[in-house]
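Report on the following structure.
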2 protein chains.
Amino acid sequence: MKVSTQAAPRVSCPERAVLEHLTSRWGVLVLSALLEGGRRFGELRREISEVSEIAVSEKMLTQTLRTLERDGFVGRHARPVIPPHVDYDLTPLGEQAARQVRALAGWTEEHVPQVLAAREEYDARTPG
Amino acid sequence: MKVSTQAAPRVSCPERAVLEHLTSRWGVLVLSALLEGGRRFGELRREISEVSEIAVSEKMLTQTLRTLERDGFVGRHARPVIPPHVDYDLTPLGEQAARQVRALAGWTEEHVPQVLAAREEYDARTPG
DNA sequence: CAGGATCCGCGCCGATACTG
DNA sequence: CAGTATCGGCGCGGATCCTG
């Protein structure tokens, strides 16, 4: 049993930790998806796995959502029915954050070709 | 001996890899520093260690700079003198990237207090 | 001064099994 | 359906030593 669930690995300052949560592998995708509206756990999982071409494990999705919820970016709404329904959405703070993240992710996506070209040029020049 | 220097750990798609480079612990600080002008290796090291309150090892700074250089974000200019002088600066592409990263990092920094407050509220409500 | 090489511990994250 | 618990590999990154 661990004392702390998600304490401080190597990230000491809180700013770095928050940035890490926002730009984490699944964090980016979760925020992006939720920017288009609230989603249920399963929907989120399927949608993300579809976009990223790689399946997100339940564990990681849960962990990501918990972290973002704790930071105040994501709201969790469980409805006590059988079977369980849990909806997630962005808080006002989370929506601001998601837009920033989207801006960076969007820019990155657009410029991937340039980066790839730069790498080829670098690799062609460096070993020789 | 490793075959690949910095190949693909778990990041398959290139977009994720680039995002990882840009938002990596030291990547953010390097881009931020270089946004204010070119710097030498040692200056960069001292400046970053000062801002982050945690020293960056030579290894990690080198690795970060190499990765960003290969991606076409950072320019490296070595002058063949004794002792060696190496200047780093942002390429036009890197400057665009750095501004996106700064926007996100700046937003994060400003809202850290709100996040901390959200965490306290979460922690107070969750165990009970 | 700038960095290459190597060792190695710690924590991330995927896989698997189980529950309300 | 939406999680929780546990185990284990492996890669990130810090420490240290060495070089042009």
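Every chain is numbered from 1, with letters handed out A, B, ... down the list of sequences.
- Spacing between atom CG of B:Asp87 and atom P of C:dG3 amounts to 11 Å, rounded to whole angstrom units.
- The CZ-C1' distance, from A:Arg45 to D:dC1, rounds to 11 Å in whole Å.
- Distance B:Ile54 CD1 to D:dG14 C1': 11 Å, rounded to the nearest Å.
- At a threshold of 4.0 angstrom between heavy atoms, the contacts of A:Arg66 are confined to the sugar-phosphate backbone, with no base atom among them.
- Straight-line distance from the CD atom of A:Glu20 to the C1' atom of C:dG11: 12 Å, rounded to whole Å.
- Heavy atoms of A:Arg76 sit under 4.0 angstrom from primed sugar atoms or phosphate atoms, though from no base atom.
- Salt-bridge annotation for B:Arg46 and B:Glu50: absent, with no side-chain N of the basic residue lying under 4.0 Å from a carboxylate O of the acidic one.
- Here the P atom of nucleotide D:dT4 and the CG atom of A:Leu65 are 11 Å apart, to the nearest Å.
- Counting any heavy atom pair closer than 4.0 Å across all strands shown, A:Arg79 reaches no nucleic acid atom.
- A:Val101 and A:Val112 fall into different hydrophobic clusters, where Ile, Leu, Val, Met, Phe, Trp and Tyr side chains are chained together by heavy-atom contacts under 4.5 Å.
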**OP:** Go through the steps for B:Phe73 and A:His111 under the test side chain to side chain contact (heavy atoms under 4.5 Å, CB included), then give the verdict.
**Re:** CA-CA 11 Å; B:Phe73 296 133; A:His111 292 81; over 6 Å; no
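- Between A:Arg16 and A:Glu20 a salt bridge is recorded (basic side-chain N to carboxylate O distance below 4.0 Å).
- Each of A:Lys59 and A:Pro83 was assigned the nucleotide of DNA chain C with the nearest heavy atom; the assignment lying further toward the 5' end belongs to A:Lys59.
- Taking atom CD of residue B:Gln63 and atom P of nucleotide C:dA5, one finds them 12 Å apart after rounding to whole Å.
- Under 4.0 angstrom from either OP1 or OP2 of D:dA2 there lies at least one side-chain N or O belonging to A:Arg40.
- Remark: A:Arg39 does not engage A:Asp87 in a salt bridge, criterion side-chain N to carboxylate O under 4.0 Å.
- Atoms CZ (B:Arg46) and P (C:dC1) sit 8 Å apart, rounded to a whole Å.
- Rounded to an integer number of Å, the gap from B:Met60 CE to C:dG3 P is 15 Å.
- Comparing D:dA2, C:dA2, C:dG4 against the side chain of B:Pro84 picks out C:dA2 as the nearest.
- Taking only side-chain nitrogens and oxygens, A:Arg25 never comes nearer than 4.0 Å to OP1 or OP2 of C:dC13.
- Taking 4.0 angstrom as the limit, A:Ser57 places a side-chain polar atom (N or O) nearer than this to OP1 or OP2 of C:dG14.
- Nucleotides of DNA chain C nearest to A:Glu58 and A:Trp26 differ in position, and the one nearer the 5' end is that of A:Trp26.
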